[in-house]
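Some notes on the structure that comes next.
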Amino acid sequence: MRIDIISIFPQFFDCLDVSLMGKARGSGILQTHIWDLRDWTQDVHRTVDRAPAGGGAGMVMKPDVWGKAIDQVIDQAGAAKTVLAIPTPSGIPLTQRQVRDLAENAEHLVVACGRYEGIDQRVSQYYQQQPGVAVLPFSLGDYVLNGGEVAAVALIEATCRLLDGFVGNPGSLVEESYELSGLLEYPAYTQPATWRDLEIPPVLLSGDHQKVKDWRRQQSLMLTAARRPDLIWDLAPDALEKSDREILAAHGFLPAPYSRQVRFRRAQPGEAATCSAIASRLFPQACPDYLPEDAIARFVAEELSEQAFKAYLADPGTLIILAEVAPGEKNKEETSWETAGYTLINAGAPGFLPPEENLVQAAGENCAYLSKCYLDQRWRSSGLAGAMLEVSHAQLQALFPHITKIGLGTNQANRRALKFYRHHGYRKCGRRTFMVGGIENQDLIAVRDFTARQVPSWAQNVAQ
Ligand code: ADE
């Protein structure tokens with residue numbers, strides 16, 4: 001690749017002689033030419049700027065001087081295609097995608113570094129009309145530098161390191177921020193294992209490659225969610241696994257194709273009506289086909305009434321977590337979040353045993369009871385169900401530290417639910433009969449042991 005840099009401070013680019021850039025310049029991967037714009041002036045003062053037309057502060061760089069300089073370097077390079085990059089705070093934000101495109105496709109790059117109030121607009125306009133020239137006005141970010149030189153160095157370094165033969169280990173490029181995954185890169189650590197009382201995360205020293213891979217993926221997702229939510233909204237739907245979606249949902253994101261914000265919070269004592277409404281709406285969705293409507297209606301009226309939830313909310317051993325979805329990705333209006341699902345867990349006093357006899361035997365001491373876990377079908381496959389369950393587990397542990405297990409009963413024919421709970425560490429250990437409106441249902445009982453499978457760190461401290 002040939003790069004021509006034109007600036008009134010050519011000495012600025014001495015930095016391109018150092019490190020890998022210098023090596024690449026010497027190796028023939030890269031040909032760089034650095035030019036002093038003033039060499040194209042014709043007056044004794046070597047003037048490159050004039051007052052802005054229409055008045056105002058600062059000076060504008062003259063198009064005639066720039067035109068001569070750019071024409072000459074384009075002619076000299078003789079490339080079929082030239083990219084004329086113009087650093088400017090009003091340019092399009094520079095991205096990894098753009099620099100990759102340059103590295104892969106640009107044979108000749110000219111960087112025109114403006115100073116003062118920038119370069120007369122007609123320069124960009126003129127070269128846009130020239131065949132074989134593409135103009136790229138780019139910005140490094142939402143801040144103003146003294147001139148385009150720093151931005152030019154950034155563009156050149158980001159582009160050149162992607163050229164074939166530039167870096168020793170091309171694999172190191174693949175896992176980087178923005179590359180392929182569209183996520184920020186996970187944090188890196190090296191020896192010593194302890195430094196100023198800070199440890200390397202133990203998983204990185206475990207030697208378990210799959211665990212290391214999972215941990216890094218989780219860190220990337222959480223970091224991107226915290227620092228660059230815009231990148232999360234831009235993710236392609238097929239870029240995410242179910243486990244990724246669960247982590248993102250726990251941190252407030254249901255990315256495309258759902259494109260919604262989500263949050264989790266503990267239901268408050270005054271919210272019995274809200275809880276009863278969501279419970280009554282979701283219970284019928286989850287019922288097996290054989291249950292008649294009147295039996296379902298009886299169950300809803302008896303067990304899921306506002307009165308019933310008043311009692312749950314008044315009980316200090318009961319935890320209700322609500323999952324709420326915003327009406328649109330950008331809309332943050334407090335009042336319009338809709339309840340998408342909920343969990344109800346009975347933790348009881350220390351030593352509490354769940355009411356079903358089989359569950360008591362199966363689970364033993366310090367076992368909570370996941371009495372309800374329902375999510376609107378609209379959010380199926382969004383990761384929200386898994387996030388809601390793990391966030392509820394985390395809240396349970398935070399509020400009731402003596403709890404070491406949690407048990408549940410679910411209809412034995414509900415394969416989807418059984419698979420879901422199995423995936424989240426619940427293991428079958430018994431049966432029970434569950435009555436819905438006077439009709440007997442056969443349930444399987446399953447228990448998750450938090451000592452065997454810990455609540456994931458991504459679910460901690462999430463519920464409000
Ligand atoms: N010139 C001045 N500020 C700039 C910025 N933020 N990006 C690119 N070029 C600039």
(message) If you apply the rule side chain to side chain contact (heavy atoms under 4.5 Å, CB included), what do you find for Ile92 with Gln98, and how did you get there?
(response) CA-CA 10 Å; Ile92 39 181; Gln98 272 156 353; 3.5 Å; yes
Donor-acceptor contacts under 3.5 Å from residues 457-464 side chains, at least two apart:
residue: Ser457; atom: OG; partner: Gln218; partner atom: NE2; Å: 3.0
residue: Gln460; atom: NE2; partner: Val455; partner atom: O; Å: 3.3

(request) Heavy atoms only: give me the nearest Ala152-Cys113 pair and the separation to one decimal. (result) CB-SG, 3.6 Å
(request) Check whether any side-chain heavy atom of Pro93 lies under 4.5 Å from a side-chain heavy atom of Phe138, and answer yes or no. (result) no
(request) List the steps and the verdict of side chain to side chain contact (heavy atoms under 4.5 Å, CB included) for Leu370 and Ile345. (result) CA-CA 5 Å; Leu370 179 63; Ile345 298 174; 3.6 Å; yes
(message) Using 0.5 Å steps for rounding, measure from the CG atom of Leu304 to the CZ atom of Phe299.
(response) 5.0 Å
(request) Provide the full list of salt bridge (Lys or Arg N to Asp or Glu O under 4.0 Å) pairs with a residue in residues 388-410, sequence neighbours left out, each pair given once. (result) Glu390-Arg448
(message) Testing the basics here: between Gly409 and Asp443, what is the closest heavy-atom pair and its distance to 0.1 Å?
(response) C-OD2, 3.6 Å
(message) Suppose we screen for side-chain hydrogen bond (donor to acceptor under 3.5 Å, both in side chains). Which residues come up paired with Thr343, at least two apart in sequence or across chains?
(response) Ser392
(request) Please identify each residue that fulfils side chain to side chain contact (heavy atoms under 4.5 Å, CB included) with Leu205, with sequence neighbours left out. (result) Gln191, Ala193, Ile200
(message) Is any side-chain heavy atom of Thr274 closer than 4.5 Å to one of Phe309?
(response) no
(message) Within the supplied structure, the quantity of interest is the number of heavy atoms (other residues, nucleotides, ligands) at a distance under 6.0 Å from Arg281 CZ; does it exceed 12?
(response) yes
(request) Could you grab the distance from atom OG1 of Thr224 to atom CG of Leu184, nearest 0.5 Å is fine? (result) 3.5 Å
(request) Taking the side chain as every heavy atom from C-beta outward, state whether Leu231 and Leu183 have any pair of such atoms under 4.5 Å apart. (result) no
(request) Find out whether Tyr342 and Cys275 are in side-chain contact, i.e. whether some heavy atom of one side chain is under 4.5 Å from a heavy atom of the other. (result) no
(request) With sequence neighbours left out, write down each residue that passes side-chain hydrogen bond (donor to acceptor under 3.5 Å, both in side chains) with Thr339, or none if nothing qualifies. (result) none
(request) Only counting residues at least two apart or in another chain, list the ones meeting side-chain hydrogen bond (donor to acceptor under 3.5 Å, both in side chains) with Tyr290. (result) Asn411, Asn441
(request) Would you indicate whether the side-chain heavy atoms of Asn346 and Ser371 approach each other to under 4.5 Å? (result) no
(request) For Ala387 and Phe264, work out which heavy atoms get closest and say how close. (result) CB-CZ, 3.9 Å
(message) Would you say CD of Glu107 has more than 12 non-hydrogen atoms from neighbouring residues, nucleotides or ligands within 6.0 angstrom?
(response) yes
(request) Decide side chain to side chain contact (heavy atoms under 4.5 Å, CB included) for Ile3 and Cys160; before the verdict, give the C-alpha distance in whole Å, the side-chain angles of both, and the deciding distance to 0.1 Å. (result) CA-CA 10 Å; Ile3 303 181; Cys160 292; 3.7 Å; yes
(message) Testing the basics here: between Pro257 and Arg245, what is the closest heavy-atom pair and its distance to 0.1 Å?
(response) CD-NH2, 3.8 Å
(message) With a sphere of 6.0 Å drawn around CG of Asn105, does it hold more than 12 non-hydrogen atoms of other residues, nucleotides or ligands?
(response) yes
(request) Name all residues meeting the side chain to side chain contact (heavy atoms under 4.5 Å, CB included) criterion together with Pro269; count only those two or more places apart in sequence or in a different chain, and write none if there are none. (result) none
(request) Please say which of Thr159, Leu102, Val99 ends up in a side chain to side chain contact (heavy atoms under 4.5 Å, CB included) with Leu94. (result) Val99
(message) Strictly by salt bridge (Lys or Arg N to Asp or Glu O under 4.0 Å), give each pair with a member in residues 218-243 just once, sequence neighbours left out.
(response) Arg228-Asp230
(request) Tell me, please, which residues at least two apart from Glu157 pass salt bridge (Lys or Arg N to Asp or Glu O under 4.0 Å). (result) none
(message) Any heavy-atom pair between the side chains of Tyr189 and Trp195 that's under 4.5 Å?
(response) no
(message) Around atom CZ of Arg427, are there more than 12 heavy atoms from other residues, nucleotides or ligands closer than 6.0 Å?
(response) yes
(message) Strictly distance-based, threshold 3.5 Å: is any side-chain N or O of Glu303 a donor or acceptor partner for the main-chain N or O of Ala301?
(response) no
(message) Restricting to non-hydrogen atoms, name the atom on Cys373 and the atom on Met388 that form the minimum distance, rounded to 0.1 Å.
(response) SG-CE, 4.1 Å
(message) For Asp449, give me all partners under side-chain hydrogen bond (donor to acceptor under 3.5 Å, both in side chains), at least two apart in sequence or on another chain.
(response) Thr451
(message) For the OG atom of Ser181 and the CG atom of Leu221, what is their distance to the nearest 0.5 Å?
(response) 8.5 Å
(request) Identify the two heavy atoms, one from Thr88 and one from Ser139, that lie closest to each other, and give their separation to 0.1 Å. (result) O-CB, 3.2 Å
Would you be so kind as to tabulate the donor-acceptor pairs closer than 3.5 Å made by side chains of residues 313-326, with sequence neighbours excluded?
residue: Asp315; atom: OD1; partner: Gly317; partner atom: N; Å: 2.8
residue: Asp315; atom: OD2; partner: Thr318; partner atom: OG1; Å: 2.8
residue: Glu324; atom: OE1; partner: Arg263; partner atom: NE; Å: 2.8
residue: Glu324; atom: OE1; partner: Arg263; partner atom: NH2; Å: 3.2
residue: Glu324; atom: OE1; partner: Arg265; partner atom: NE; Å: 3.0
residue: Glu324; atom: OE2; partner: Arg265; partner atom: NE; Å: 3.2
residue: Glu324; atom: OE2; partner: Arg265; partner atom: NH2; Å: 3.1

(request) Test Leu418 against Thr410 for side chain to side chain contact (heavy atoms under 4.5 Å, CB included), laying out the working first. (result) CA-CA 7 Å; Leu418 290 168; Thr410 192; 3.3 Å; yes
(request) Please round to the nearest 0.5 Å and tell me the distance separating atom NZ of Lys419 and atom CZ of Arg416. (result) 8.0 Å
(request) Would you check if Asp244 and Leu235 make a side-chain contact, meaning some heavy-atom pair closer than 4.5 Å? (result) no
(message) Side chains of His424 and Glu246: any donor to acceptor distance under 3.5 Å?
(response) yes
(request) Look at the aromatic rings of His393 and Phe450 and report parallel, tilted or perpendicular, splitting at 30° and 60°. (result) perpendicular
(request) Kindly compute the distance separating CG (Leu248) from OG (Ser382), expressed to the nearest 0.5 Å. (result) 11.0 Å
(request) State which residues pass side chain to side chain contact (heavy atoms under 4.5 Å, CB included) with Glu199; sequence neighbours excluded, sorted by chain then number. (result) Thr194
(request) Kindly indicate whether the side chain of His108, heavy atoms from C-beta on, has any atom under 4.5 Å from the side chain of Val83. (result) no
(request) Calculate, to the nearest 0.5 Å, the distance between atoms CZ and CG belonging to Arg260 and Leu254 respectively. (result) 8.5 Å
